[in-house]
J.: 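One structure coming up, written as structure tokens, with questions to follow.
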Amino acid sequence: MSALVAVYLDYQSRDTGDGLPPVDDNEPVDVDSEDNPTPVSLSDIELVDLFTCRNATLISQPHHIYPNETLIYHGYLGCSPIFPSVAILLRTLAAFQQAHRVCPRFTIQAQCKMLCHLHHALGHDGKDWHLQNSCPACCYCLKDEPQLDIEWLVSIDRNHSLKRWDKSNYGINEREDSRVAQSDFWIAPEEVDRFRCEAKARTDEADDWETEETSNTQFNCVNRWRNAGPEFRKKVLSVFCETGIFIASCQHHFVLLICDMIKSGKLAKYLLVTINHLLDVYGKNGGCAYDIGCATDVTLANSLLGPKAHALNLRLMVGAFHGHAHNWKCQLDWHPMYIQGTGHTEGEGCEHVFSASNDLARGTRHASRFHRHQAIEEHFGFWNEDKYNALKECAYFDSLKQPRVKDQLQICYVEALDELEERKLEWNAAHEAANYSLTSVAIGDLVTISKALTQARVRLDTTYSMLQNAQALAGQLQVQIGLEQPWKVGGEEYSQFKQDVLMGKYYHALDELERLVVM
């Protein structure tokens, strides 16, 4: 401690009066000093300030013995005394001290949490962190969890509401803005364009599935989804820089990926780059719902992504809402109702997302590229937070607070049968006691005889009343459950729920024990 005090006083001696002494990381070091010919060097230590977080190597002064001496000399304090790996700037600690002084509620825990959020120290800045952690129900696997037919299930689709107007239509040159989106929601346009020519034997014009004719006129679902003709569509889309977004969402409606649709309609490159990204992160046994999944399967197979999708066993399907507009034969192959492993998922997660994001269009239509991205990121970030708070997992755990109503009635019925057996035993004991109540009374002692008879009568009346109440309760529960015959004590149904009764009492005892320990 004395060494740290000395080096701290030296640090304070450089104070110019504002309480924030300057930090000089470049002061020369005499490595040939006789006192310490080999000064300690702190290598690759993480240095944290309010606005910066960096890894650096700090050279010790010759007289420094401990790592924190070197850190304090350079204006930092290590987070551990002997082997620090992270150090906080002393000026940051001084700022916290004054903030805590005027606002006692602002604690050191709040300061640490603020630094973590500022510098992404919680590990949320890794590659594809958002994809791997946004939805716990989809992304987190338990130890020894059985393998599912479909390990992950997403839906993909485009939306044209979030267009951005091309200002050159007004004769205005848009101001350059080099800022880019920071979240990993977005797939970069450069990555999207890598898949522009991925579909084999297809031209750029044919890349738009809406203009493609299929050879089998008898089995053609794609034509049902045509809207305007290609020439008219090109004229409309040409007035926008971004004509919408193409997204992927999981079955719990978390938004996973977004890419801009730039001066185009629904091109194959958007779905191919999205599927490629999902396969890279999530791997095998995936499912992907798309409004024209039947036609997309051909596009995917003909692209260079086809072998990869086949090897990872990707299963395409058509969402339930769009699926009913396809012909019956198509539905048998592509509707999620007929695909093993889809459960109750309808495959229309994107439609849920777009129902909320459409309201954002008014504020993004004339925004800059960066501000449009910023608004979309913020909206989908809040959307995902709401989905996280409303997960079925939370509702499931809330439902575990009480058993199902029918199970609760059956448990109560078992308890009522147990009480009925106890009341029968008590009444039989009272009946036998009444029969022998006068055996120990002397003949001719009228007062004692009267007292014994009164006690026997009161005991009989009390036990019989309790027996009647137990019989009435058991009968009422039998009617509520819908049993034609009462359960027998020791029978199969009785034994099944008797175990639940015993476990309930055991858990109640544990809760009571925990409460007493806490007290």
Side-chain angles (χ1 to χ4, degrees), residues 137 142-149 341 343-344 391-443 445-519:
L142 301 177
K143 185 179 179 180
D144 300 326
E145 182 176 338
Q147 182 174 334
L148 302 176
D149 295 315
H344 294 293
L391 274 178
K392 295 178 183 179
E393 185 179 18
C394 298
Y396 171 72
F397 282 117
D398 287 339
S399 70
L400 293 182
K401 293 177 181 178
Q402 294 291 341
R404 291 187 310 152
V405 174
K406 187 173 183 180
D407 290 347
Q408 212 166 359
L409 288 174
Q410 291 167 328
I411 290 173
C412 291
Y413 183 51
V414 169
E415 292 176 338
L417 291 177
D418 290 341
E419 183 180 0
L420 180 59
E421 288 299 309
E422 291 180 9
R423 299 295 173 247
K424 286 181 179 179
L425 293 175
E426 290 177 359
W427 188 82
N428 289 333
H431 192 270
E432 292 180 3
N435 290 335
Y436 296 101
S437 59
L438 300 179
T439 56
S440 60
V441 179
I443 298 176
D445 190 349
L446 297 179
V447 175
T448 306
I449 292 174
S450 176
K451 184 178 179 180
L453 289 174
T454 301
Q455 290 177 343
R457 179 177 56 80
V458 170
R459 184 180 177 186
L460 272 175
D461 289 345
T462 302
T463 55
Y464 184 68
S465 176
M466 295 174 67
L467 176 62
Q468 284 183 314
N469 290 336
Q471 287 176 331
L473 177 60
Q476 182 181 5
L477 290 171
Q478 179 182 339
V479 172
Q480 288 182 339
I481 297 173
L483 300 176
E484 295 182 359
Q485 297 294 329
W487 288 351
K488 293 183 180 180
V489 175
E492 181 179 354
E493 299 91 346
Y494 171 88
S495 299
Q496 176 185 350
F497 288 95
K498 178 65 175 178
Q499 184 67 23
D500 293 339
V501 172
L502 295 175
M503 290 304 296
K505 292 180 179 179
Y506 173 65
Y507 290 139
H508 179 74
L510 283 181
D511 292 340
E512 180 66 12
L513 176 61
E514 182 182 13
R515 184 182 70 85
L516 294 174
V517 168
V518 171
M519 290 177 60

J.: Quick one: CG on L473 to CD on E415, what's the gap to the nearest 0.5 Å?
T.: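 These two atoms lie 9.5 Å from each other.
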
J.: Give me the atom names and distance for the closest heavy-atom approach of A434 to L460.
T.: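 Answer, listing the atom of A434 first, then L460: CB-CD1, 3.7 Å.
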
J.: Once rounded to the nearest 0.5 Å, what's the spacing between atom NZ of K505 and atom CG of L510?
T.: 14.5 Å

J.: Measuring from I411:CD1 to Q499:CD, what's the distance to the nearest 0.5 Å?
T.: 11.0 Å

J.: Using the test salt bridge (Lys or Arg N to Asp or Glu O under 4.0 Å), find all partners of E512 that sit at least two apart in sequence or belong to another chain.
T.: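 Only R515 meet the salt bridge (Lys or Arg N to Asp or Glu O under 4.0 Å) criterion with E512.
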
J.: Checking side-chain polar atoms at under 3.5 Å, does D418 have a donor or acceptor matched by the opposite partner on Y494?
T.: yes

J.: Taking side chain as C-beta onward, heavy atoms only, is H431 less than 4.5 Å from N435?
T.: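 When only atoms from C-beta onward are counted, N435 and H431 do touch, with a gap below 4.5 Å.
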
J.: Kindly write out the residues that satisfy salt bridge (Lys or Arg N to Asp or Glu O under 4.0 Å) with R423, not counting sequence neighbours, or none if the list is empty.
T.: E419, E426

J.: Please report the interatomic distance CZ(R459) to OG1(T454), rounded to the nearest 0.5 Å.
T.: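 With rounding to 0.5 Å, CZ (R459) is 15.0 Å from OG1 (T454).
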
J.: Any chance you could lay out the side chain to side chain contact (heavy atoms under 4.5 Å, CB included) test for L467 and L420, step after step, and finish with the verdict?
T.: CA-CA 7 Å; L467 176 62; L420 180 59; 3.8 Å; yes

J.: What is the distance from atom CG of L409 to atom CG of L483, rounded to the nearest 0.5 Å?
T.: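 The distance works out to 10.0 Å.
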
J.: Is W487 close to Q410 at the side-chain level, that is, under 4.5 Å between some pair of heavy atoms?
T.: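 Yes - at least one pair of side-chain heavy atoms lies under 4.5 Å apart.
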
J.: State, with a plain yes or no, whether a side-chain heavy atom of Q455 is found less than 4.5 Å away from one of K451.
T.: yes

J.: Strictly distance-based, threshold 3.5 Å: is any side-chain N or O of T462 a donor or acceptor partner for the main-chain N or O of V458?
T.: yes

J.: Taking CD in E145 as the centre, count heavy atoms belonging to other residues, nucleotides or ligands within less than 6.0 Å. Is the count above 12?
T.: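 Count over threshold, so yes.
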
J.: Show your reasoning for whether side chain to side chain contact (heavy atoms under 4.5 Å, CB included) applies to Q480 and Y413.
T.: CA-CA 10 Å; Q480 288 182 339; Y413 183 51; over 6 Å; no

J.: When you measure from the side chain of S465 to the backbone of D461, do you find a donor-acceptor pair of N or O atoms at a distance under 3.5 Å?
T.: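 No; zero donor-acceptor contacts below 3.5 Å.
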
J.: Between atom OH of Y507 and atom CG of D500, what is the distance when rounded to the nearest 0.5 Å?
T.: 9.5 Å

J.: Residues two or more places apart in sequence or in another chain: which of them pass side chain to side chain donor-acceptor pair (under 3.5 Å) with Q478?
T.: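 Not a single residue meets the side chain to side chain donor-acceptor pair (under 3.5 Å) criterion with Q478.
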
J.: Do F497 and L417 pass the side chain to side chain contact (heavy atoms under 4.5 Å, CB included) test, and can you show the C-alpha distance, the side-chain angles, and the key distance before you say yes or no?
T.: CA-CA 12 Å; F497 288 95; L417 291 177; over 6 Å; no

